[in-house]
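Okay, so here's the structure we're looking at.
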Amino acid sequence: MRKRNPAATVTVFLSIITSFLFVFEINLSSVFRLSSAPTQGKIRRQTFGEQHRGKAKQVISCNRSHKEYDLCSITGATVVDPVTSTFFLVDPTISGPGSIVEKIKPYLRKWENFPMQRIKELAITSGPSGPECECGGYTGNVFHDFNDGFIPLFITINSIYKNRDVVLVVSKARDWWLNRYKNLLHVFSSHPIVTLDNDPSAHCFPSATLGFMSYGFMALMPNLSQTLLYFRGLLDKAFGHHDQYSIFNPPPKSDSSPQLVFMTRSKGIGGEILNQDEAVKVAKEIGFDIILFEPTGKISLQQAYGLINSSHAMVGMHGATLTHSLFLRPGSAFMQVMPLGIDWVGKMCFGEPARAIGIQCIEYKIKVEQRSLVEKYDKNDMVIKDPASFQGRNWSSDVMNIYLKEQNVKLDLVRFRDYLMETYSKAKTFMEKMG
């Protein structure tokens, strides 16, 4: 049995559904968020023990005022019991048995029932002692891994625990998920990751935070530009310096031809560019060196980063795979093919974040006759005629299926050539400047 000094480190908690990141415990002294508590919209604060000799009171506090997330924090010595998913505020001034004062599901979509039903509920308890210290949704979707997981983790750590030593505690993490993101997780913390479901040992920390913070789709704090550049620097630290992308068999680099990564998607799953081969041919005619890239579980993030970070441009249909645009270097070119009804989604999820990093963005908006939806819906149907009114404020799973999964496109190659020429010009200039 190995003891840990409770004053040595801080903890961050990550809750993952199957393979997806849902909850972060950060440096046991911060805030946590709950989705189903009757105190939603209020800040509830429980104080235990008296302040004496200049020491702060032992405190459990929960802020449930945000529409997307709750945060609960424990200020004071904390013990984590993975067996019962309970956080104990250790206060020797309390003589009776500890009582549960708060419960929380730490995930930043408290308004969405589907993922919240699958999030493990955690308890926060006050008491004179906890167990003895023993040792120191949307599964596999890369967009949600970053948007609902790593970016909020980055915000929370830098808002609450900047320049502090943190420990990550993960719930419901699959081995393959931990292995895929191990380099990125270790950039956040140099300590071994504690898996709440597999580790029976109790862990002690000086404070704890359950939950994490978010500022919207792919957004890092109000100063978006500066903080996204910091986040990209973190990605470079995690995945850079790994020149392992021979799996793609890229063509020999030309001194005169910029390299374009053309994002592809397997046939039959929706969101396809139906005349992709013809579009690739046009790109080659313009002068690009082309690499077709479809992210799969067989391709590591190091390989993907090595490929994209060394390229000069990216083109792809709107979808989760465009999250890889974060791997592009500032100054490179990025064209997003925008199908019907996803203008605002495309801009918020990929366009604005890319611009904030300094990437040159081009939006190719598909015209009505180029969309497969015209084969399923009448041209006067609101789905086609007025997507904004049809969607309203309800971006439900049914709406997503229509616009993201049912919608294949066929590019107007004459018009697409003009957009590719603009992309080529930007990529060429970038290549000549940055290599």
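His312 and Asp289 form no side-chain donor-acceptor contact under 3.5 Å, judged by distance and modelled atom types alone. Defined by atom type and a distance below 3.5 Å, a donor-acceptor pair is missing between the side-chain atoms of Asn408 and Arg265.
The cationic group of Arg232 does not satisfy the cation-pi geometry with Phe327, failing either the under 6.0 Å distance to the six-membered ring centre or the 45° limit from the ring axis.
Put simply, CD1 on Ile151 and CG on Asn147 are 6.0 Å apart, with the number rounded to the nearest 0.5 Å.
Residue-environment remark: CG (Asp175) stays at or below the threshold of 12 foreign heavy atoms within 6.0 Å.
Taking the six-membered ring for Trp and the full ring otherwise, the centers of Tyr305 and His324 sit at least 6.0 Å from each other. Between Phe288 and Tyr424, the distance separating the two ring centers is shorter than 6.0 angstrom. Taking the six-membered ring for Trp and the full ring otherwise, the centers of Tyr181 and Phe150 sit less than 6.0 Å from each other.
A salt bridge does not link Glu278 to Lys281: none of the charged nitrogens lies less than 4.0 Å from a carboxylate oxygen.
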> Please walk me through it: do Phe350 and Phe143 pass ring-ring contact (aromatic ring centres under 6.0 Å, His included)?
Replying inline: CA-CA 10 Å; Phe350 307 117; Phe143 172 77; 5.8 Å; yes

> Run the ring-ring contact (aromatic ring centres under 6.0 Å, His included) check on Tyr364 and Phe416 step by step: do they pass?
Replying inline: CA-CA 8 Å; Tyr364 178 89; Phe416 188 63; 5.3 Å; yes

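Remark: Phe334 engages no residue in a ring pair (Phe, Tyr, Trp, His ring centres under 6.0 Å) (not counting sequence neighbours). Asp236 is linked by a salt bridge (charged side-chain N to carboxylate O under 4.0 Å, His left out) to nothing, counting only residues two or more places apart in sequence or in another chain.
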